[in-house]
Amino acid sequence: MHEGHEQMFRRRFFVSTLLSIPVLLYSPTLQEWLGFTVPTVPGSEWINPVFAVIVFAYGGIPFLQMAVPELKDRSPGMMTLISMAITVAFVYSLASVVFPTQSAFFWELVTLIDIMLLGHWIEMRSVRRASSAVDELAKLMPDTAERITDDGDTEEVPVSELSEGDLVLVRPGASVPADGIVEEGDSDVEESMITGESKPVSKEPGDEVIGGTINGDGSLRVRVGATGDETTLAGIMRLVEEAQQSKSKTQVLADRAAGWLFYVALGAAVVTAIAWTLAVSFDATVIERVVTVLVIACPHALGLAIPLVVAINTSLAARNGMLVRDRIAMEDARNLDAIIFDKTGTLTEGEHGVVDMATVDGVTEDDALEMAAAVESDSEHMIARAIREAADERDLRAPDATDFEAIKGRGVRAIVDGNEVYVGGPNLLTQLDSEIPAHLQRFADEAGENAQTVVYLVRDGELIAAFAMADVIREESYAVVDALHDLDIEVAMLTGDSQDVANAVADELGIDTVFAEVLPEDKDKKVQELQDQGKLVGMVGDGVNDAPALTRADVGIAIGSGTDVAVQSADVILVQNNPMDVVRLVKLSKASYRKMQENIVWAAGYNVFAIPLAAGVLAPIGILLSPAVGALLMSLSTVIVAINAQLLRRVDLSIPELPSGTPATEAQPAD
């Protein structure tokens, strides 16, 4: 739509400007101002009215057409004001041909139309360019794919014909045709267009690949897992479109301001007409003043001020791996007082390993590991994987387990060799009312001091072993906490781990507030605790287990979603698993809002200055604005607004260097 309007306004601008040249050359006013004369020819007195009519009919009609819906909806605005201004000037100028007056507005009329067309052309081009994120994303997906047949041959098929379960060949340098899992081959895949991660990601059998990313030097065979609307790229495109179509609080304010400005313009025009009529009687001067007031009051720039910033903001965010679902939340991010991070997998790597263990008398470490591995055999939790891996490293054979049961937020239970066995954290012991032997308590205390999670093994109600699990703090977490503190934002951490483990991590990172031993169903209550203190709170989690907390937060941020971009509980989705993108989000929100404010000032500020001049407040000292000068001022503010919005592309979203001295992900420019 924007591209069609852009071409229309561009074409009409150039044609109208060309047709305006004779009007300007034969304008007595311009000849007098610029000190030149044009030879008169038979019929030259008709050049101005004839060419002005053509320019009005060709260049001015679009504004009249676009004003009709506003009038039908009884919501007059920008197009109504433009149409009113050029219609008044047109009618008055034609009347001056039949009823000679001191002046006509032919050159002012064509200049006004030309400048209006130029302003709309610039606007449509800017919005079209800023809104091209979806188009650019769509271009990432290839048209065809090489599907591997049952006999091992390849056949070229349209990507639309791929189905889940198909095996496709991705040659070096080719685009991955759909989301899937690598079954064979090793290669580096360029994912920057999806995740914002500039460094190619190594892929090997078992790794996920995203449709639209670019394969490196190796050849891959990929089993298709999602196609069409179910792919990551399709999800990103939907989110970008939603964000571009949604309105922010500032946009709503700008829309209201445009509506109010219509009535202000009418009021100012009426007062101007009455005042000048009383002062000099009703004549061409009165019409000129009224027309100029209406031109100056036109909210053209105001209509561009916010949408253009929003479009560039959305494009810039998408290019840097930030998918905005809620524009208001994006705008609110600039005012966050506190941000809560879910610890595991966000501030930490999320990959646990058994680093130490302790048992009661009569139970060996191997016995405890075998029993725990048996209970955890059906669980996909990271702790379960860590225990199974520890058992595998010792070549232990876990016995069979039956009646497996996951206890939400506490642990797991199963029957092993006729015994009821539990594996879980501190919350499990509270539920089972189990006593902790003194030496296991000392073990747990020491593990907590070392920022290690302790998992307990309970057999038939008796605590028999404890495992210390290490979850390494992410290198980026140190920088993100410091960066948020520099932005005067309080950092909180939320975890189901013990208080000792949570405190150790918090002390290491310099976190302000710690919520430990929190069950999943209670996470949103911790968010509310901070909100009850009058704070605007952001919540950073995985978008699935933290759904209630993400929904409760003023700004819900899903991080590390990877291919799961359609997280419905979050306001903003960070594609790559990098907590530093939270800092980028806040910085972009602040920069975008600043541009919105600046644009509103530029768009409306000139009205405050120019309307009194247009009405003739300084007429006694010889200062009057003509309709053409009024149009020039209005269009100048539009151009300034467009340029100022484009400067948002220069916002510094770079991430501070990590402790190792190597910079994290580089910021990507907008389209």
Side-chain angles (χ1 to χ4, degrees), residues 132-241 318-323 350-351 380 385 543-544 560-567 573-578 665-666 668 671:
S132 63
V134 175
D135 295 333
E136 292 302 315
L137 287 171
K139 293 177 183 177
L140 296 177
M141 192 64 76
D143 296 325
T144 61
E146 291 190 67
R147 183 167 57 190
I148 300 176
T149 61
D150 294 337
D151 56 10
D153 294 331
T154 60
E155 59 178 353
E156 187 173 290
V157 298
V159 170
S160 58
E161 292 186 7
L162 290 179
S163 302
E164 185 176 348
D166 284 348
L167 187 64
V168 295
L169 173 64
V170 185
R171 298 184 185 275
S175 295
V176 179
D179 292 0
I181 305 294
V182 176
E183 286 204 353
E184 184 180 339
D186 296 279
S187 184
D188 291 334
V189 176
E190 174 63 52
E191 296 184 342
S192 62
M193 65 289 294
I194 301 294
T195 66
E197 176 62 62
S198 58
K199 183 179 179 180
V201 181
S202 178
K203 300 294 182 180
E204 58 186 25
D207 290 340
E208 295 182 352
V209 290
I210 304 173
T213 55
I214 308 299
N215 187 25
D217 296 332
S219 177
L220 297 175
R221 281 171 168 76
V222 176
R223 183 71 64 181
V224 175
T227 60
D229 292 339
E230 302 301 319
T231 62
T232 297
L233 191 60
I236 293 174
M237 291 171 64
R238 284 194 300 272
L239 292 173
V240 173
E241 287 177 327
R319 290 281 295 168
N320 285 276
M322 294 177 280
L323 307 178
E351 292 295 332
E380 287 302 318
R385 292 196 298 270
V544 180
S561 302
T563 58
D564 183 19
V565 297
V567 180
I573 298 169
L574 306 181
V575 177
Q576 56 181 319
N577 191 12
N578 188 346
T665 314
E666 296 181 356
Q668 299 295 318
D671 295 335

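Just so it is clear, the values below take in all heavy atoms, side chains as well, and ignore hydrogens, waters and symmetry mates.
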Enter the distance from [X]:[atom1] to [Y]:[atom2] here, rounded to the nearest 0.5 Å.
X: Thr213; Y: Asp179; atom1: OG1; atom2: CG; answer: 8.5 Å
X: Leu169; Y: Ser219; atom1: CG; atom2: OG; answer: 4.5 Å
X: Ile148; Y: Asp153; atom1: CD1; atom2: CG; answer: 10.0 Å

_Check this for me: Asp151, atom CG, are more than 12 non-hydrogen atoms of other residues, nucleotides or ligands nearer than 6.0 Å?_
yes
Using every non-hydrogen atom in the two residues, find where [X] and [Y] come nearest and quote the distance to one decimal.
X: Val159; Y: Pro142; result: CG2-O, 3.0 Å
X: Ser175; Y: Ile214; result: OG-CD1, 3.2 Å
X: Arg171; Y: Asn215; result: O-ND2, 3.2 Å
X: Pro172; Y: Asp217; result: CG-O, 3.3 Å
X: Met322; Y: Leu574; result: CG-CD2, 3.4 Å

*In sequence, state the C-alpha distance, the side-chain angles, and the governing distance for Val224 and Val168, and then conclude on side chain to side chain contact (heavy atoms under 4.5 Å, CB included).*
CA-CA 7 Å; Val224 175; Val168 295; 4.0 Å; yes
Taking the side chain as every heavy atom from C-beta outward, state whether [X] and [Y] have any pair of such atoms under 4.5 Å apart.
X: Ser187; Y: Val170; answer: no
X: Glu155; Y: Glu146; answer: no
X: Arg147; Y: Thr154; answer: no
X: Val157; Y: Leu162; answer: yes

_Check whether Lys203 reaches the backbone of Glu208 with its side chain - one donor and one acceptor, N or O, closer than 3.5 Å._
yes
_Run the salt bridge (Lys or Arg N to Asp or Glu O under 4.0 Å) test against Glu156 and tell me which residues pass, sequence neighbours left out._
none
*asked:* For a salt bridge (charged side-chain N to carboxylate O under 4.0 Å, His left out) check, start with the C-alpha distance between Glu183 and Arg223, then their side-chain angles and the critical distance, and finish with the verdict.
replied: CA-CA 6 Å; Glu183 286 204 353; Arg223 183 71 64 181; 2.8 Å; yes
